[in-house]
Amino acid sequence: MANIAELDDRIAKCNKILEENPNSQIFAALAEAYRKKGEVDKAFRTCQNGLRIHPDYGAGHVVMAKINLDKGMYDWAEMEALRGIELEGSSHAADLLLAEIYIYKGEFARATRLLNKLNIADPQNQNVKKLMDIAAKLPLESAARIENAAKQEPASVSDKTIRLKPVETISMSQLLDMLSVIAAVDGVLLINRDGLVAEARWDEDVPHDLYGAVVRDIESTIQSQIEIARFGKYENVLLEAGDLIISFLPLGESLLLIKANRHINLGTLRLKLTSLLGRLAVDTI
């Protein structure tokens with residue numbers, strides 16, 4: 001691994017290039033340098049912004065996969081790795097990364113199949129051998145722990161269901177991060193009950209505070225009319241105006257606002273939003 005001085009020098013050079021040319025694909029190298037330095041959040045932001053400009057840059061998606069792996073978001077890491085492979089084809093490094101992601105997800109059979117292919121192509125590669133050992137060892141260790149637990153404490157059917165792999169929860173901050181990286185999403189806001197922005201992922205020129213206040217007023221009007229008509233609580237509101245699309249929904253005492261443009265795939269947005277909300281830690285709402 002590069003030492004801190006080398007990484008700092010690389011970061012400085014990459015930042016200089018980006019200052020001169022904000023559209024440069026050097027963002028991927030910069031994000032990777034931040035990641036190796038341990039500044040994972042800064043790496044995420046850098047790669048996220050770069051992929052908005054270059055959504056079809058495969059190397060950028062591979063770097064994002066590494067960042068998500070470091071952040072413990074394994075499903076998103078797999079998605080980004082597969083997108084990178086789709087765009088630029090398979091490579092030893094990308095396949096090795098994907099195998100590592102499968103191991104973290106507990107999908108040892110998939111990891112083993114991929115690692116066997118890599119081992120045939122490069123039988124002397126120590127990284128491949130190391131991951132193969134891990135992929136072979138971990139399932140046996142897991143099985144042994146389950147067997148020992150079963151011997152010590154008889155389990156009912158309901159007890160066994162508790163041992164199933166829990167859904168990986170995410171924080172509110174991670175929710176905003178993952179929504180903001182969806183293609184054609186231009187900003188995400190968490191708005192409190194007073195119309196003030198509590199947290200933002202926003203790159204637009206228009207101040208996000210304005211959106212927060214206006215949307216809270218709209219929401220109050222909708223809610224009052226719904227109560228009068230006895231329709232019950234609303235689940236989601238979608239506003240379309242020209243190239244602007246705004247979706248907002250209640251989240252506890254707050255509002256979650258997603259600002260997008262006409263290129264957004266609303267079906268994909270709904271699916272990802274539903275999936276992410278299902279993983280949101282209860283104590284963050």
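Position 1 is the first residue of the sequence, and the numbers go up from there. The figures here come from the full heavy-atom set of this structure, side chains too, leaving out hydrogens, waters and symmetry mates.
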* Structure fact -> Shortest non-hydrogen pair, Cys14 vs Ala29, comes out as SG-CB, 4.1 Å

* **Derivation and outcome, side-chain contact (heavy atoms from CB on, under 4.5 Å), residues Arg279 and Leu276** => CA-CA 5 Å; Arg279 294 168 54 196; Leu276 289 170; 4.2 Å; yes

* Output, in order, the C-alpha distance, side-chain angles, deciding distance and verdict of side-chain contact (heavy atoms from CB on, under 4.5 Å) for Leu96 and Leu118. => CA-CA 8 Å; Leu96 191 63; Leu118 292 172; 4.1 Å; yes

* **Check: Leu255 and Val215 side chains under 4.5 Å, non-hydrogen atoms** => yes

* To do: Measure across Arg52 and Ser180 and return the closest heavy-atom pair with its distance rounded to 0.1 Å.
  => NH2-O, 2.7 Å

* **Pairing residues for Asp41 by the side chain to side chain donor-acceptor pair (under 3.5 Å) criterion, not counting sequence neighbours** => Lys71

* **Partner set under salt bridge (Lys or Arg N to Asp or Glu O under 4.0 Å) for Arg113, not counting sequence neighbours** => none

* Supply the atom-to-atom distance Arg110 CZ to Ile101 CD1, rounded to the nearest 0.5 angstrom. => 10.5 Å

* To do: Quick one: closest heavy-atom pair of Leu18 and Ser24, and the distance?
  => CD2-O, 3.8 Å

* Pairing residues for Asn116 by the side chain to side chain contact (heavy atoms under 4.5 Å, CB included) criterion, not counting sequence neighbours -> Thr112, Met132

* Asked: By side chain to side chain contact (heavy atoms under 4.5 Å, CB included), which residues pair with Leu210, not counting sequence neighbours?
  -> Val206, Val214

* Which residues share a salt bridge (Lys or Arg N to Asp or Glu O under 4.0 Å) with Arg45, sequence neighbours left out -> Asp177

* Dump the intermediate steps for side-chain contact (heavy atoms from CB on, under 4.5 Å) on Thr46 and Tyr34, then the final yes or no. => CA-CA 9 Å; Thr46 300; Tyr34 279 134; 3.6 Å; yes

* **Within-4.5 Å side-chain heavy-atom neighbours: Leu239 and Ile218** => yes

* Going by heavy atoms in the side chains, are Ile245 and Lys259 under 4.5 Å from each other? -> no

* Within a strict 4.5 Å, meaning less than it, do heavy atoms of the Val63 and Tyr57 side chains meet? -> no

* Heavy-atom pair of closest approach, residues Ile264 and Ala260 -> CB-CB, 3.9 Å

* Structure fact -> So side chain to side chain donor-acceptor pair (under 3.5 Å) across residues 121-136, not counting sequence neighbours, yields His92-Asn125, Asp122-Asn125

* Structure fact -> CG of Leu97 to CD of Glu78, rounded to nearest 0.5 Å, is 10.5 Å

* salt bridge (Lys or Arg N to Asp or Glu O under 4.0 Å) partners for Glu100, two or more places apart -> none

* To do: Taking salt bridge (Lys or Arg N to Asp or Glu O under 4.0 Å) as the test, write out the residues that go with Lys13, two or more places apart.
  => Asp9

* **Residue list, side chain to side chain contact (heavy atoms under 4.5 Å, CB included) with Asp56, at least two apart or on another chain** => Arg83, Leu87

* Under a 4.5 Å cut-off applied to non-hydrogen side-chain atoms, are Leu196 and Asp209 in contact? -> no

* Asked: With a 4.5 Å heavy-atom cut-off, do Ile246 and Ile258 have their side chains touching?
  -> no

* Minimum heavy-atom separation for Leu189 to Gly212, with atom names? -> CD1-N, 4.3 Å

* Asked: Measuring from Gln48:CD to Phe27:CZ, what's the distance to the nearest 0.5 Å?
  -> 11.5 Å

* Heavy-atom distance under 4.5 Å between the side chains of Leu175 and Leu256, does that happen here? -> yes

* Hey, mind stepping through Gln25 and Ile53 against side-chain contact (heavy atoms from CB on, under 4.5 Å) and telling me if it holds? -> CA-CA 9 Å; Gln25 292 181 339; Ile53 300 172; over 6 Å; no

* Which pairs count as side chain to side chain donor-acceptor pair (under 3.5 Å) when at least one residue sits in residues 234-249, sequence neighbours excluded? -> Glu219-Tyr234, Asn236-Ser247, Glu240-Arg262

* To do: Determine, stepwise, if the pair Arg201 / Ser173 fulfils side-chain hydrogen bond (donor to acceptor under 3.5 Å, both in side chains).
  => CA-CA 9 Å; Arg201 304 291 183 271; Ser173 180; 2.8 Å; yes

* Minimum heavy-atom distance Ala28-Gly60, with the two atoms named -> CB-CA, 4.1 Å

* Structure fact -> Residues at least two apart in sequence or cross-chain that pass side chain to side chain donor-acceptor pair (under 3.5 Å) with Arg193, listed by chain then number, are Glu253

* Between CG of Asp70 and CZ of Phe44, what distance do you get to the nearest 0.5 Å? -> 12.5 Å

* With Glu32, the salt bridge (Lys or Arg N to Asp or Glu O under 4.0 Å) member among Lys37, Lys66, Lys42 -> Lys66

* Asked: Can you tell me how far CG of Leu131 sits from CG of Leu115, rounded to the nearest 0.5 angstrom?
  -> 5.5 Å

* Any chance you could measure Leu257, atom CG, to Leu249, atom CG, to the nearest 0.5 Å? => 9.5 Å

* To do: For Thr221 and Asp217, indicate whether the former's side chain and the latter's backbone hold a donor-acceptor pair under 3.5 Å.
  => yes

* Transitive ILVMFWY cluster of Ile85, excluding itself - 4.5 Å side-chain cut-off -> Leu82, Leu98, Tyr102, Leu114

* Trp202 and Val197, any side-chain heavy atoms less than 4.5 Å apart -> no

* **With Glu199, the side chain to side chain contact (heavy atoms under 4.5 Å, CB included) member among Ile191, Asn192, Leu190** => Leu190

